[in-house]
Amino acid sequence: MKTQLIKTAVFVVAVLNGLLFAADQTPGANLSKDEIEGLLLIREEEKLARDVYLALYEKWNLRPFSNISKSESTHMEAIKRLLDQFNIE
């Protein structure tokens, strides 16, 4: 599971870097259907991860779970900004 989380994190960073660079270079650029679906999927995955870590924190009351859930919220907000920037709902 840790390997999958690392792969997902690397993917998210790569996508964010590419999209932010593209947005800086070409304001209002259109995204492909795959890119839009990818962003929406990433947001849902971040949401799920946040909810899982919140549930783990509520059950076990261990601070790392709280910290990770906050990080996942930060990731969700970053993706939301991209969705807003590209007018994706």
Side-chain angles (χ1 to χ4, degrees):
M1 181 165 163
K2 186 175 182 180
T3 303
Q4 183 60 36
L5 288 174
I6 291 170
K7 287 179 183 178
T8 301
V10 169
F11 176 74
V12 168
V13 169
V15 168
L16 287 175
N17 283 336
L19 289 175
L20 290 174
F21 178 77
D24 287 343
Q25 299 301 313
T26 53
N30 293 326
L31 298 178
S32 72
K33 180 181 175 191
D34 288 341
E35 290 169 326
I36 291 169
E37 289 174 0
L39 280 175
L40 293 170
L41 177 64
I42 291 170
R43 184 134 197 271
E44 288 302 314
E45 287 179 346
E46 296 296 343
K47 210 174 188 183
L48 174 62
R50 181 204 58 191
D51 293 346
V52 166
Y53 285 110
L54 278 174
L56 290 170
Y57 177 70
E58 289 172 6
K59 180 172 177 85
W60 300 104
N61 200 31
L62 295 172
R63 189 174 198 167
F65 293 134
S66 175
N67 293 342
I68 295 169
S69 71
K70 290 175 186 173
S71 292
E72 299 299 344
S73 291
T74 300
H75 302 159
M76 282 176 49
E77 292 165 8
I79 297 295
K80 177 66 172 131
R81 284 192 299 275
L82 283 172
L83 293 171
D84 291 345
Q85 181 177 347
F86 289 102
N87 298 316
I88 301 168
E89 295 188 30

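Computed from a predicted structure; not experimentally measured.
Under the side chain to side chain contact (heavy atoms under 4.5 Å, CB included) criterion, Asn61 pairs with Tyr57, not counting sequence neighbours. With sequence neighbours left out, the side chain to side chain contact (heavy atoms under 4.5 Å, CB included) criterion links Leu83 to Leu39, Leu40, Arg43, Ile79, Ile88. For Glu37, the side chain to side chain contact (heavy atoms under 4.5 Å, CB included) criterion is met by Lys33, Asp34, not counting sequence neighbours.
Among residues at least two apart or in separate chains, salt bridge (Lys or Arg N to Asp or Glu O under 4.0 Å) pairs with a member in residues 73-89 are Lys80-Asp84. Sorted by first and then second residue, the salt bridge (Lys or Arg N to Asp or Glu O under 4.0 Å) pairs with a member in residues 50-63 form an empty list; sequence neighbours excluded.
One hydrophobic cluster, built from ILVMFWY side chains closer than 4.5 Å, cannot hold both Leu54 and Trp60; they sit in different ones. Taken together through direct or relayed side-chain contacts under 4.5 Å among Ile, Leu, Val, Met, Phe, Trp and Tyr, Ile36 and Ile42 form part of one hydrophobic cluster. A continuous path of Ile, Leu, Val, Met, Phe, Trp and Tyr side chains, each step under 4.5 Å between heavy atoms, connects Val52 with Leu62, placing both in one hydrophobic cluster.
Note that OG of Ser73 and CD of Glu46 are 9.5 Å apart. Values are rounded to the nearest 0.5 Å.
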Which atom pairs, one a donor and one an acceptor, fall under 3.5 Å between side chains of residues 64-71 and the rest of the protein, sequence neighbours left out?
| unit_1 | atom_1 | unit_2 | atom_2 | d |
| --- | --- | --- | --- | --- |
| Ser69 | OG | Ser66 | O | 2.7 |
| Ser71 | OG | Asn67 | O | 3.3 |

